Amino acid sequence: MEKIAIIGVGCRFPGADHPSSFWELLSNKVDAIRELSSRPFDWDSLHEHSVVPTTGKSKSLWGGFLEQVDYFDPLFFQISPKEAESIDPQQRLLLEVAWESLENAGIVASTELSGSQTGVFLGATNYDYGVILAKEKAQINAYNAIGTSLGIIANRLSYLLNLRGPSLVIDTACASSLVAIHYACQSLLSGESNLCLAGGVNLILSSEATISLSHAQMMAADGRCKTFDAAADGYVRGEGCGVVVLKRLADALRDGDNIQAIIRGSAVNQNGLSNGLTAPNGPSQQAVIRQALVNAGVKPSQISYVETQGTGTPLGDAVEVNSLKAVLMEGREVNQPCWIGSVKTNIGHSEAASGIAGLIKVILSLQHGEIPPHLHLKELNPYIKIKNTPIQIPTELEKWPAQGQPRLAGVSAFGFGGTNAHVILEEAPPQVNSRNLREHSSHLLTLSAKTEPALQALVSRYQSHLEAHPQLELTDVCYTTNTGREHFNHRLAVVIDSKEQLIAQLAAFTTGNDTTGLFSNQASKKQPKIAFLFTGQGSQYIKMGRQLYDTQSIFRQTIEQCNEILRPYLERSLLEILYPDQAEEQIASSLLEQTAYNQPALFAFEYALCQLWKSWGIQPNAVMGHDVGEYVAATVAGVFSLEDGLKLIAHRGRLMQQLPSGSEMVPLMATEDFSALANQVTYKQPQIPIVSNVTGKVADEQIATAQYWVNHLSGAVQFAQSIQTLHQLGYQVFLEIGSKPILLGMGHQCLPDSECLWLPSLRPGFDEWQVMLLSLGQLYATGFKVHWAGFDGDYPHQKVALPTYPFQRERYWIDTNTVQTQKRYLPNIQQLQSAAESDRLSLLIAYLQEQVGIILGFKGSQRPSPEQGFFAMGMDSLMVMELRNKIQADFKLDIPIATFMEGATIVTISTKLNHQLAPINVNQTVEPESNDQFQLENIKDSDWIQLEL
């Protein structure tokens with residue numbers, strides 16, 4: 001049977017916000033159960049300290065509770081604050097944990113998963129928030145039904161990430177999340193899905209279920225799951241959320257994923273008609289475990305640990321352990337122990353999330369090679385017969401012996417309605433360290449967030465994580481942050497050569513200190529336009545680009561390609577000139593002073609350097625070359641082929657080399673000779689703008705003629721005019737493609753008062769790779785989209801677990817006491833009428849920020865970004881209609897709804913209003929609008945119901 005790899009894990013359990021803190025809790029014998037201290041509902045009035053509660057009273061206030069379940073970061077998920085209040089916190093929690101699981105897996109959802117056959121299989125049972133909202137009829141709105149539907153817990157995640165595979169919620173009570181794991185694996189094995197997110201969520205948000213369970217005598221008097229103990233008298237309820245990222249093992253190995261554990265097989269069955277609907281059934285438990293073993297191709301004696309259902313009921317515990325004994329003792333030697341335990345002794349019974357809690361516990365145990373202690377075991381339940389058997393219960397942290405084979409474990413989850421599930425886990429295969437011995441001297445790490453406070457928090461997380469995990473390889477850390485995270489607009493790039501320097505740089509960012517190699521910026525919404533400047537003659541030196549030639553395959557392959565093309569035109573190999581042996585350096589240096597060699601060498605070097613930048617995703621929007629550099633620019637722009645470009649430059653260099661000393665630059669004979677060759681070249685119109693050094697303007701169709709390049713031989717270089725032309729066209733980022741930053745200094749002198757970014761590729765005497773990284777880091781911080789796979793393609797790396805996104809949460813909970821009203825800002829029409837156009841635009845932006853903030857439900861000092869798209873900030877068409885109607889009423893204007901539906905922002909709408917308000921007619925009447933063209937791809941959620949009605 002094909003195996004399934006677990007490549008990502010995200011979790012929130014009582015006392016643990018992520019997998020590493022969950023392991024600390026488990027391994028340190030932490031009891032995370034506590035008395036309920038605060039919840040949005042009043043539980044104290046329901047409390048009664050009696051063994052048998054009266055009607056409407058709960059027996060226990062103990063539980064495994066999460067902190068701040070009423071807090072959320074809606075804007076991160078493009079959800080409006082208004083809608084967030086109507087969304088079940090289970091949905092909200094699941095969104096965050098699923099995101100963390102993908103980050104843990106090093107998967108960038110927008111590029112790797114969007115539109116893919118990715119499935120979502122989740123377990124959930126509680127409808128508590130729906131109960132709460134139903135009681136507040138005065139506050140019911142269009143979002144309640146969607147916000148509290150259990151099915152939407154999975155569907156909203158699929159919607160958010162644009163996932164096209166199966167998306168469903170499974171409710172089999174306590175077995176829900178493990179059953180979800182089973183069916184996610186089946187979807188992968190059948191080819192229905194290529195990747196799956198699977199797990200479960202459970203929050204206790206109202207008291208009704210706890211009261212019912214107390215009446216059913218399921219709650220422990222002391223609020224503890226005393227699993228396997230003689231004093232076991234029921235369980236304590238718990239909360240939690242866990243999500244794992246699943247992939248077929250072969251695919252995970254192919255893609256170099258960080259495999260954290262393997263699912264060998266699983267099975268699901270039902271008790272059927274047994275002793276009672278909620279009673280455990282031993283034969284069915286045995287059957288599901290046997291089937292899982294068969295599906296996994298594993299013998300019972302190979303299992304060395306089982307994470308049990310283990311709720312802490314005297315009958316249920318005994319039935320389960322005796323069932324395990326009946327199956328797992330088959331063929332087992334006395335020296336083959338099988339440990340058993342239950343995570344419920346640490347965090348309580350998290351019901352729909354209990355199966356995923358147990359699964360994640362075993363994943364962590366396999367990774368650490370240790371079995372966590374089982375709590376609250378003082379005297380063994382007399383009905384559990386394991387004396388003189390290999391079955392053992394750990395009460396301290398135990399080493400998990402490998403016994404010469406991969407460790408194997410089982411995880412059970414049995415729903416109280418009779419559904420049983422069992423999963424067989426295997427430890428991950430050992431990672432093969434295939435690092436290239438020639439590691440880079442410098443490294444680039446990038447971090448980003450949606451807001452500046454989130455970026456600050458993320459930097460602090462990384463600083464602490466790196467200090468706490470000194471074993472992490474710097475190359476793996478940088479590789480994971482660059483390739484395994486979304487890149488948001490608030491950005492940080494750091495160029496470093498050690499982890500110690502990285503920690504120091506992060507600390508400098510936190511304290512606001514400027515240091516070399518650290519770049520931070522809010523990236524532009526639209527990527528800036530960049531011009532490549534190709535350096536002219538005189539910048540050559542031997543061994544220019546040698547470090548890049550040795551380490552970067554794209555650069556090396558391009559240089560070698562140019563070398564082969566130039567063989568017929570050069571007496572000596574280009575490689576011998578550029579990268580000579582030590583004994584040949586003096587000869588090569590002398591030859592490189594000759595135009596016959598330096599012009600082809602500069603061309604090949606600059607073209608290879610350009611290809612390297614392009615392989616990293618840095619593509620020129622325009623090109624401009626100085627003298628010889630214009631030949632490279634024209635080749636990059638597509639005016640002629642690489643072969644023709646090299647042929648022209650080699651001929652040009654040879655002709656110039658043959659000129660007698662002291663003669664005029666280009667004798668007529670040389671011009672005629674070059675013209676004959678130029679007429680043999682095939683020319684095409686440039687594919688991207690190229691600024692001509694002959695005219696100083698954007699080249700017209702003449703650049704694609706032989707005569708242009710003949711004139712180029714003797715024409716004066718119009719460099720200053722060329723730079724001015726680029727600047728007038730809106731170019732503010734200039735990257736020099738050359739071995740020396742000669743053009744940067746000249747360009748800066750041409751535009752002394754401009755705020756341009758002048759970036760070199762190399763600087764003589766400086767580490768070449770470091771200079772490249774410094775420029776790439778600045779481009780990234782400015783907003784450029786880097787092709788990280790191309791950047792890291794030459795070196796093997798491993799994705800590692802790193803800190804996840806620091807959500808900026810605020811409280812979102814339906815107010816059950818008062819209905820808040822907000823005063824709307826009404827613009828002063830006379831003030832707008834008399835204001836200058838530029839001032840009026842500012843007033844309109846402030847007005848729209850106020851209105852949009854009210855409609856979205858922003859609180860306090862929160863204000864929507866003027867440049868963020870309406871739908872990106874969580875608006876839907878219902879809200880857009882409300883905004884449009886408000887503007888029409890305030891300004892007596894007729895505004896088509898389509899104006900708001902395609903990439904609209906506060907700035908764009910304000911600009912349009914500004915034009916319509918000149919001159920203002922306060923008595924203008926508004927005609928009813930007809931034939932509004934809704935753009936259906938932008939309509940979401942409850943809007944469809946509204947439109948269909």
Side-chain angles (χ1 to χ4, degrees), residues 17-18 20-21 24 103-104 106 435-436 438-523 547 551 616 757 759-760 762-763 765-784 786 788 791-792 795 797-806 808:
D17 286 341
H18 44 75
S20 59
S21 60
E24 291 297 313
E103 288 197 330
N104 183 261
R435 296 185 186 280
N436 191 317
R438 304 184 71 172
E439 291 284 0
H440 286 308
S441 54
S442 298
H443 303 271
L444 174 63
L445 176 136
T446 61
L447 298 175
S448 70
K450 287 196 172 185
T451 65
E452 184 63 27
L455 181 59
Q456 290 281 352
L458 186 63
V459 169
S460 297
R461 283 190 177 186
Y462 268 80
Q463 186 180 347
S464 300
H465 188 82
L466 291 168
E467 291 171 345
H469 297 83
Q471 78 281 3
L472 287 172
E473 294 284 348
L474 181 58
T475 54
D476 292 337
V477 172
C478 294
Y479 175 69
T480 304
T481 62
N482 296 340
T483 65
R485 296 291 189 270
E486 294 278 356
H487 295 281
F488 302 114
N489 286 344
H490 291 267
R491 296 184 171 188
L492 172 72
V494 187
V495 178
I496 65 279
D497 56 23
S498 67
K499 279 192 295 183
E500 292 74 21
Q501 186 184 15
L502 173 56
I503 293 171
Q505 290 280 53
L506 295 179
F509 174 78
T510 302
T511 56
N513 295 332
D514 291 330
T515 63
T516 302
L518 187 153
F519 311 103
S520 178
N521 199 3
Q522 181 175 356
Q547 187 182 11
T551 62
W616 296 349
L757 189 60
L759 300 174
L762 300 183
R763 289 184 184 274
F766 290 83
D767 182 273
E768 293 177 346
W769 183 245
Q770 185 181 59
V771 176
M772 293 283 285
L773 293 191
L774 289 169
S775 292
L776 182 62
Q778 291 180 77
L779 288 170
Y780 171 81
T782 304
F784 282 83
V786 179
W788 294 110
F791 174 76
D792 286 303
Y795 285 85
H797 303 84
Q798 297 169 349
K799 288 183 178 178
V800 293
L802 293 172
T804 53
Y805 192 88
Q808 303 299 288

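From a predicted model like this one, the values you see are computed outputs, not experimental measurements.
- Closest non-hydrogen pair, Gln501 versus Val495, comes out as NE2-O, 4.3 Å.
- In terms of heavy atoms, Phe791 sits closest to Leu444 at CZ-CB, 4.5 Å.
- Note on ring orientation: taking the six-membered ring where Trp is involved, the planes of His797 and Tyr479 are parallel (angle under 30°, cut-offs 30° and 60°).
- In this structure, Thr480 and Val800 approach most closely via the heavy-atom pair OG1-N, 3.1 Å.
- The distance from the NZ atom of Lys450 to the CG atom of Leu455 is 14.0 Å, given to the nearest 0.5 Å.
- Across all their heavy atoms, Arg461 and Tyr805 have their closest contact at NH1-O, 3.3 Å.
- Distance check, rounded to the nearest 0.5 Å: CE of Met772 to CG of Leu759 gives 11.0 Å.
- Using a distance-only test at 3.5 Å, with no hydrogens or angles considered, a donor-acceptor pair links the side chain of Arg491 to the main chain of Phe488.
- Interatomic distance, His443 NE2 to Leu773 CG, rounded to the nearest 0.5 Å: 9.0 Å.
- In terms of modelled atom types and a separation under 3.5 Å, the side chain of His469 and the main chain of His465 share a donor-acceptor contact.
- In this structure, His487 contributes its side chain and Asn482 its backbone to a donor-acceptor pair below 3.5 Å.
- Looking at Ser441 and Gln770, their side chains never bring a donor and an acceptor atom within 3.5 Å of each other.
- Checked by atom type and distance alone, the side chain of Glu768 pairs as donor or acceptor with a backbone atom of Gln547 at under 3.5 Å.
- With rounding to the nearest 0.5 angstrom, the CG atom of Leu774 is 7.5 Å from the OG atom of Ser442.
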side-chain contact (heavy atoms from CB on, under 4.5 Å) assessment of Val494 paired with Phe509: CA-CA 10 Å; Val494 187; Phe509 174 78; over 6 Å; no
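- A side-chain donor-acceptor contact under 3.5 Å links Ser21 to the backbone of His18.
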Quick one, Leu447 with Val459, criterion side-chain contact (heavy atoms from CB on, under 4.5 Å). Give me CA distance, side-chain angles, the key distance, then yes/no. CA-CA 8 Å; Leu447 298 175; Val459 169; 4.1 Å; yes
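- Side-chain N or O atoms of Ser775 include one that pairs as donor or acceptor with a backbone N or O of Pro760 at under 3.5 Å.
- Taking both residues in full, the closest heavy atoms of Glu103 and Arg485 are given as O-NH1, 2.6 Å, listed atom of the first, atom of the second, then distance.
- Taking CG from Leu474 and CG from Leu445, the interatomic distance works out to 8.0 Å, rounded to the nearest 0.5 Å.
- Val477 has its side chain within reach of Leu802: a pair of non-hydrogen atoms, C-beta onward, lies under 4.5 Å apart.
- Scanning both residues, Leu458 and Ser448, for their nearest heavy atoms gives CD2-O, 3.4 Å.
- Between the side chain of Arg763 and the main chain of Val771, no donor-acceptor pair closer than 3.5 Å is present.
- Between the side chains of Thr782 and Asn521, no donor N or O sits under 3.5 Å from an acceptor N or O.
- A donor-acceptor pair under 3.5 Å is absent between the side-chain atoms of Thr804 and the main chain of Asn104, judged by distance alone.
- Rounded to the nearest 0.5 Å, atoms CD (Gln505) and CG (Asn513) are 10.0 Å apart.
- The backbone N or O of Pro470 lies less than 3.5 Å from a partner atom in the side chain of Lys499, making a donor-acceptor pair.
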Could you go through Trp616 and Phe784, starting from their C-alpha distance and side-chain angles, then the distance that decides it, and tell me whether this counts as side-chain contact (heavy atoms from CB on, under 4.5 Å)? CA-CA 10 Å; Trp616 296 349; Phe784 282 83; over 6 Å; no
